[in-house]
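Here is the structure we will look at.
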Amino acid sequence: MEGNIAELGQYIGAGLACIGMGGAGIGVGTVAGNFLAGALRNPSAAAGQTATLFIGIAFAEALGIFSFLVALLLMFAV
Amino acid sequence: MATEEAGNGFNIHPMDQFEIKSLFGGGPIEWYSFTNATLWMGFAILAVVLLLVVGTRKRAIVPSRSQSVAEMMYGFIHKMIEDVAGKEGLKFFPYIFTLFIFILVSNFLGLLPTSFTTTSHIAVTAMLAMAVFVAVTVLGFYKNGMKFLGLFWVSSAPLALRPILAVIELISYFVRPVSHSIRLAGNVMAGHAVIKVFAGFAGALGVWAALPILSITAVYGLEVLVAGIQAYVFTILTCVYLNDALHPSH
Amino acid sequence: MADTSHGAAPGAESAPGMPQLDFSTFPNQIFWLVVTLVILYLILSRVALPRIATVLAERQGAIQRDLDKAEELKRTAQDAEDAYNKALADARSQASEIVAEAKADIQKDLDKAIAKADAEIAAKAAESEKAIQAIRDSAAKSVAEVAQTATADIVNAVMPNAADAKSIKAAVTARLKG
C-alpha cells in the first residue's frame, strides 16, 4: 500500500485523542468513588446529593466526549 | 478514507446510520423536505401524546400504568426544578418538561433497531442548548439587570484574583451551550457508532460472531441507561443555568 | 481532506464524512425541530400537564378527604363507645338503686308483717290466757262446789244436822286454800 502521510497522521491523531477518554474515565470514577465514600460515611445526606453527583459526572464525561469527537472528526471529517 | 482503505476486509460504516435522507422524492434536502429526521420527530410527538395524553385520559384517582408513568415524570421534573432552581423556576416547568420529554423519547426511539436518532445530530442538540442558553441569558438580564454580571465577579475571592476569575467564568459561561449540546449528541452518537462497529465485526467473524453480539447486548444495555441519564443531565443542567439566571449572586 | 468535497455532493453513495457535520441538512433539522418543540410545548402546556396536575391535586384532595372522613368516623365510634359505656354505667347504678329500694321496701313490709304478726300473736296469747284463766276459775269453782256438796253429803251421812251449810263451806274453802 502506497503511503499517504496525511492519512497516517489522521489515524495516529485519532488514536491519541482516544487517550482523552481514559482521562474522562478516571474523572468519572473519581467523582463516583468520592460520592460513594461520602455516602457511606453519611448515608442520610446521600439522597439529597444525587443531583450533584450526576452533574459532576456529566461535566467529567463531557471532556471525554470532546476527545471522542476529535477522534471522529479526524477519522471522518478532516 | 478509512472505509475505502479497509475495502475487502472490514467494511464498516458506523456513521451511515446518522445520514439524513429525504423520504419523498429524493433530491437535495431543502429546509422543508420531509426527511427521516422529520419522521422520527413525528414519532416522538406521537409517543408523547400516547403516553401523556392518551395514557392519562381516564384521570383515574387510582392510576393505570401509563398514567402513573406520566405522573412519575411530572413529579420528577417538578421536584428537580424546585430543588435546583427554587420556587420561581416552576414558571418554566412546561418548557423544561418539553425539553426533557423530547430528549428522553427521542433517545429511546433511537434505540429501536433501524430507527433514526434525532438527538445524535449536533444541529438538533445545539439548537436545544442554544435555546436554553439564550433564554437563560435574556432572563438573567431581564430579572436582575446589570446585577446579572455579578455571576462573573466572584466576590468571595481575593481582589487581585477577581479579574482573572472573571475571564475564566466568562469563558466557561460561553462554553456552556457547546458542552451542553455536544455532551448529549456525543453520548448518543458514540453508543450507536460503537454498536455499529461491533455489528460490523460480527459480520466478518463467522462463528466467532457470538462475541461481538454479546458485546452489542451489553453496550445496548448501557445505551438504554445512557439514554435516560443524558435526558436527565440535560434537564438538570438547564435547571442549574436557570438557577444562575434567577439567583446570580456568587 | 479530499472527501469533504465528495461528502458535500449529495448522491455520492454513502458519503463517508460525518453526517452530523453536513451543514446542508442543518436548516431542515432546525426547522423540523422547532416545529416539533412548538407542537410538543402546546400539547404539554395545554393538555397533558394541566391534566396531570389536576389528577394529582384531586388525588391529594381525595386522600385528605378520606383521612378526614376516617378521622370523623373514628371520633364517632369513640363517641358511641363512650355513650355505650356511660349508658352501661348508668344502667348499672340504676339497677343497684332499684335493688336497694326493693330491698328496703321488702324490709319495711317484712317488718310491718312481723310487727302485725307479733301483735296478733300477743293478742291471741292474751285471749288464750284469759280463756285459760276463766276455765281455771270455773274449774276451781266447780271443784269447790263439788267439794262442798261432797263434804255436806258426807257430814249429813255421818252426823245429820250436825253442822249447817255455812260452816261447811268456810271449812272447805279454808282447806282448798290450804
Side-chain angles (χ1 to χ4, degrees), chain B residues 1-4 13 15-20 22 26-35 37-38 41-42 44-45 48-49 51-53 55-57 59-63 67 70-71 73-75 78 93-95 97-99 101-102 105-106 118 120-124 126-128 131 185 189, chain C residues 1-70:
Chain B
M1 284 225 358
T3 46
E4 283 160 33
H13 304 277
M15 306 312 271
D16 280 6
Q17 56 180 324
F18 302 121
E19 215 170 318
I20 292 187
S22 197
I29 294 163
E30 305 293 342
W31 61 270
Y32 51 82
S33 318
F34 193 91
T35 60
T38 317
M41 283 180 193
I45 295 180
V48 170
V49 168
L51 181 64
L52 295 185
V53 178
T56 59
R57 73 187 180 287
R59 301 160 197 251
I61 290 290
V62 179
Q67 190 184 328
E71 280 168 13
M73 284 177 173
Y74 184 99
H78 201 271
F93 174 64
Y95 182 65
F97 195 84
T98 307
L99 284 180
I101 203 80
F102 173 73
V105 168
S106 299
T118 46
S120 70
H121 272 261
I122 304 224
V124 171
M127 191 64 202
L128 293 170
M189 174 174 41
Chain C
M1 285 241 347
D3 51 271
T4 30
S5 55
H6 283 139
E13 48 102 13
S14 100
M18 278 175 76
Q20 278 89 347
L21 295 180
D22 184 357
F23 291 102
S24 65
T25 64
F26 273 31
N28 177 278
Q29 292 191 59
I30 291 172
F31 168 70
W32 286 113
L33 174 69
V34 170
V35 170
T36 309
L37 285 184
V38 168
I39 293 175
L40 270 183
Y41 180 77
L42 290 179
I43 291 174
L44 290 177
S45 62
R46 294 283 152 82
V47 185
L49 296 182
R51 184 184 291 176
I52 298 175
T54 38
V55 167
L56 288 178
E58 256 169 37
R59 177 165 321 142
Q60 200 56 45
I63 290 172
Q64 197 55 50
R65 220 164 31 238
D66 284 0
L67 283 179
D68 288 354
K69 209 193 253 171

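Here the structure is a predicted model, which is why all the values come from computation and not from measurement. Note on naming: letters A, B, ... go to the chains in the order of the sequence lines (proteins, then strands), and numbering restarts at 1 for each one.
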Closest approach of C/Arg51 to B/Arg57 (non-hydrogen atoms, all atoms of both residues): NH1-CA, 3.2 Å
Shortest non-hydrogen contact between B/Met41 and C/Gln29, atoms and distance: CE-O, 4.0 Å
Leading residue by heavy atom contact count with chain C [cutoff under 4.5 Å; candidates B/Leu128, B/Ile20, B/Thr35, B/Thr38]: B/Thr38
Interatomic distance, B/Arg59 atom CZ to C/Leu56 atom CG [nearest 0.5 angstrom]: 12.5 Å
B/Ala185, part contacting chain C, at a heavy-atom distance under 4.5 Å: neither
Distance-minimising heavy-atom pair for B/Ser33 and C/Asn28: O-ND2, 2.8 Å
Partner chain B: residue of C/Ile30, C/Val34, C/Leu21 with the largest heavy-atom pair count (under 4.5 Å): C/Ile30
Winner by heavy-atom pair count (cut-off under 4.5 Å) against chain C, out of B/Val62, B/Leu52, B/Val48, B/Val124: B/Val124
Heavy-atom proximity to chain C below 4.5 Å, by part of B/Tyr74: side chain
Heavy-atom proximity to chain C below 4.5 Å, by part of B/Val53: both
Chain B contact via C/Ile43 - side chain, backbone, both or neither, heavy atoms under 4.5 Å: side chain
Region of B/Ser120 in contact with chain C, defined by heavy-atom distances below 4.5 Å: both
B/Gln67 portion near chain C, given a 4.5 angstrom heavy-atom threshold: side chain
Basic-acidic side-chain contact under 4.0 Å: B/Glu71, C/Arg59: yes
Side-chain heavy atoms of B/His121 within contact of C/Pro19, under 4.5 Å: yes
From C/Phe26 atom CZ to B/Met127 atom CE, the distance as rounded to the nearest 0.5 Å: 12.0 Å
Atom pair OG1/CG of B/Thr98 and C/Leu44 - distance to nearest 0.5 Å: 4.5 Å
Contacting moiety of C/Leu37, where chain B heavy atoms sit under 4.5 Å: both
Which portion of B/Leu51 sits near chain C, non-hydrogen atoms under 4.5 angstrom: neither
Heavy-atom pairs under 4.5 Å with chain B, option from C/Trp32, C/Tyr41, C/Phe31 with the top count: C/Trp32
Most chain B-contacting option - heavy-atom pairs closer than 4.5 Å, from C/Leu40, C/Ile39, C/Thr25, C/Leu49: C/Leu49
